[in-house]
Amino acid sequence: MSPPPTPILEANGMSVRYGPQWILRDVSFRVEAGECLGLVGASGTGKSALLRHLLALERTAGGRLSLFGRRIDGPDDPALHLLRRRIGILFQGGALFSALDVLENVALPPRALHLPTDWANAMARVALSEAGLDPAVTGHKKPAELSGGMATRAALARAIVLEPELLVLDEPTQGLDPPVARAFVTALRELRHRSSSTVLLVTHDLETLHALADRIAVLGEGKLLTIGTPDEVTRYDHPVVHDYFQGWRSLP
Amino acid sequence: MTAKASPADAVPPPRVRLLRDGGRDLLVVEGTWTLHTLAPKNVRRPLLRRLHTEAHHAPWRLSAAELDAAGACFLLTAWSGTLPPDLEGDEDQRALLEHCRNALRGDEAPAPRVSPLEALGTSVLGSGRSLLHALEVLGGFALRTLAVLSGRRRPHLGALSREITATGVRALFIVALVSLLIGIVMSYLIALEMRSYSAYDFLIFVLGVAILRELGPVLAALLVAGRSGSAITAEIGVMRIRGELDALRAMGLDEGGRLIDPKILALVVTLPLLTLWSDFFALAGGLLTASLTLDLPMGHLVDLIPRTVPQSDYWIGIGKAAVFGLVIGIVATTFGLEIEADSQSLGEKTTRSVVTAITTVILLDALAALAFRSVGLP
């Protein structure tokens with residue numbers, strides 16, 4: 001199947017503002033079908049804020065946003081309801097529903113489509129094993145009983161259970177120790193290999209970025225500093241970008 | 001593509017076809033078997049039935065144009081989690097089905113059934129544990145308060161002042177409003193009856209004793225239990241879930257002296273004061289109504305109070321209020337400390353905190369009525 005020419009996500013001159021404070025101005029970029037775009041930036045540069053706006057959870061202060069080639073007017077755009085089903089989101093820290101067990105958490109998106117319970121549960125179990133968890137062991141645990149790595153995997157399972165066209169990962173390896181983070185990244189790579197979905201990855205972790213991202217967008221100084229392939233970005237001549245990617249070359 | 005957005009003619013719909021191949025019957029899975037083609041009920045239902053009933057009747061062949069994990073799960077649920085014995089067909093699609101079947105294998109962990117007896121036992125044990133925790137909290141509070149009183153420990157006056165504002169000052173309006181209305185209603189009902197006997201002294205006596213001894217402290221306690229008790233439980237619970245309590249402990253700051261004692265102490269201090277406040281408004285409402293319905297001057301009725309109502313009734317009311325404050329504080333902090341790290345527990349424990357506090361207050365009130373039955377009554 002040849003990728004459609006329209007980008008999965010397109011931001012055009014988007015600005016983010018909280019109260020009187022401008023977080024980001026005039027950000028423009030596209031996420032093309034099938035690629036993994038890494039969104040990086042130091043703490044406080046507005047990565048998470050931009051992400052919330054890209055998912056149309058909040059109203060932008062200016063600029064245009066398109067999802068799957070369709071223009072989005074704001075958080076209450078009626079088209080969002082259907083478009084969001086095509087997006088899987090792994091929230092920072094997992095955001096699993098603590099009142100439900102793991103299987104119920106993962107089966108929630110298909111259940112929300114009114115699919116029968118046994119089908120939805122089967123999909124949830126498959127998604128859990130895709131994310132590297134054994135559904136027979138973890139399925140009936142409560143999120144509070146999971147370790148950080150397992151909770152992140154369960155959240156990943158919930159994000160991929162409907163096989164979304166766009167997978168959004170917000171700090172997926174945050175708080176995981178290196179071996180667990182590496183295992184998680186490997187699971188993600190395998191997943192991408194199998195399903196060739198589009199990924200928007202927000203992370204601090206250069207190793208994760210290195211392993212997954214086809215292109216990288218760097219935020220800083222209240223704007224989009226640069227965007228390009230990892231090679232282009234690391235060679236980009238800007239003190240902030242230099243600072244950020246120091247030691248990138250020495251990575252495995 | 002979502003089911004609605006996809007043009008129906010673009011993808012071959014999922015279907016099961018009977019094929020006669022070299023003299024034998026063969027059931028062929030063909031078309032697009034994905035989440036979006038299978039999601040509509042009118043597509044899904046007949047397929048499910050056919051797959052289920054004929055799972056073992058004929059050899060099956062997989063030649064779907066497209067099969068995703070959702071489609072594979074659909075086939076597997078229809079086939080009750082197993083693959084038909086001789087399934088022919090596309091290698092990749094078979095591999096996907098095998099992969100999904102492996103994920104579905106393993107225990108269908110039967111939800112542990114709890115017998116009513118076990119549930120009763122758990123609940124009794126849980127209450128027992130809560131009672132022990134409450135005693136622990138009470139003991140800790142008592143020891144620390146003694147230490148403060150003997151000068152071996154510094155009180156956290158700033159925290160105490162904040163708590164008094166939160167539990168006392170901010171409750172003034174609601175306590176006044178409720179007390180005033182109750183006073184008016186009660187006095188009106190009694191006055192209607194008393195008018196026929198002209199027993200004004202008796203009216204004032206009943207109003208005074210009922211309000212000072214019972215209504216004032218109980219009303220104030222109920223309002224505070226609902227207002228501040230729940231807030232305290234939820235606040236401590238959220239601090240516990242977010243690890244703030246551990247942070248306090250790890251920094252060498254005791255959560256007892258900083259967090260718990262000021263809350264309990266604030267209730268012990270504010271509840272008698274709120275009772276006085278409640279007494280005032282309930283009596284004001286009562287006397288006002290009485291003077292209007294009976295056509296008596298207000299001043300005369302006010303003068304009657306000290307002459308008919310024994311002072312000990314007032315002190316019993318105030319004393320009870322202090323005890324109620326202690327109970328509400330202990331119950332609220334105990335349940336707050338019992339909250340576990342999930343959102344359900346927060347709601348459940350907050351509810352139990354309020355219900356337990358109110359029940360205990362009323363129970364103690366009944367006991368006090370028994371204990372003081374010979375004090376302050378003619």
Side-chain angles (χ1 to χ4, degrees), chain A residues 1 4 68 70 79 81-86 96-104 106-107 109-110 112-146 151 157 160-165 191 194-195, chain B residues 1-6 11 34-36 38-41 43-45 47-48 51-52 65-81 92 95-112 240-242 339-348:
Chain A
M1 209 163 58
F68 305 102
R70 198 191 178 290
H81 183 62
L82 285 177
L83 291 180
R84 283 203 174 121
R85 292 189 173 166
R86 300 159 70 180
L96 292 169
F97 300 110
S98 58
L100 307 179
D101 70 24
V102 168
L103 195 67
E104 289 169 328
V106 181
L113 295 175
H114 305 291
L115 302 188
T117 314
D118 48 356
W119 187 18
N121 281 348
M123 287 168 69
R125 291 163 83 92
V126 170
L128 277 170
S129 75
E130 301 263 296
L133 290 174
D134 182 353
V137 177
T138 0
H140 297 278
K141 288 192 171 155
K142 283 287 174 78
E145 300 169 56
L146 300 181
I160 61 174
V161 66
L162 291 181
E163 304 191 22
E165 292 159 70
L191 189 75
R194 274 200 301 273
S195 65
Chain B
M1 275 286 157
T2 50
K4 270 181 197 157
S6 71
V11 287
T34 61
L35 176 62
H36 302 302
L38 291 168
K41 247 188 214 164
V43 177
R44 183 204 325 146
R45 286 246 170 97
L47 283 174
L48 200 61
L51 285 164
H52 187 69
E66 200 186 332
L67 179 72
D68 67 0
C73 287
F74 182 79
L75 285 172
L76 279 166
T77 46
W79 286 331
S80 321
D92 286 347
L96 178 63
L97 271 175
E98 290 284 349
H99 172 75
C100 292
R101 191 180 55 145
N102 288 339
L104 300 188
R105 220 173 5 208
D107 73 330
E108 191 53 57
R240 204 176 120 90
I241 292 176
R242 293 169 54 104
I339 284 174
E340 283 149 37
D342 66 276
S343 48
Q344 229 170 15
S345 164
L346 184 63
E348 187 192 322

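Numbered from 1 within each chain, the chains take letters A, B, ... in sequence-line order.
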Before giving the answer on side-chain contact (heavy atoms from CB on, under 4.5 Å), spell out for A:K142 and B:E340 the whole-Å C-alpha distance, their side-chain angles and the decisive distance to 0.1 Å. CA-CA 12 Å; A:K142 283 287 174 78; B:E340 283 149 37; over 6 Å; no
Test side-chain contact (heavy atoms from CB on, under 4.5 Å) on A:L83 and A:R70 and set out the steps. CA-CA 9 Å; A:L83 291 180; A:R70 198 191 178 290; 4.2 Å; yes
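A:S129 touches chain B through its side chain: at least one heavy atom from C-beta onward sits under 4.5 Å away, while N, CA, C and O do not. With a 4.5 angstrom heavy-atom cutoff, B:L38 touches chain A via backbone and side-chain atoms both. Using a 4.5 Å cut-off between heavy atoms, A:L162 touches chain B through backbone and side chain atoms alike. Proximity to chain B (any heavy atom under 4.5 Å) is shown, for A:P143, by neither the backbone nor the side chain. Residue B:R44 touches chain A through its side chain alone, counting heavy-atom pairs closer than 4.5 Å.
By a heavy-atom distance cut of under 4.5 Å, B:A69, B:A70, B:C73, B:F74, B:T77 are the residues of residues 69-79 of chain B near chain A, going up by number.
Residues passing the salt bridge (charged side-chain N to carboxylate O under 4.0 Å, His left out) test with B:R45, sequence neighbours excluded: none. Not a single salt bridge (charged side-chain N to carboxylate O under 4.0 Å, His left out) links A:E145 to another residue, sequence neighbours left out. The salt bridge (charged side-chain N to carboxylate O under 4.0 Å, His left out) check on B:R242 picks up B:E244, with sequence neighbours excluded.
The CG atom of A:L103 sits 13.5 Å away from the NZ atom of A:K141 when rounded to the nearest 0.5 Å. Atom-to-atom distance recorded for B:H36:NE2 and B:E66:CD is 10.0 Å, nearest 0.5 angstrom. Once rounded to the nearest 0.5 Å, the distance linking CG of A:L128 with CG of A:L133 reads 5.5 Å.
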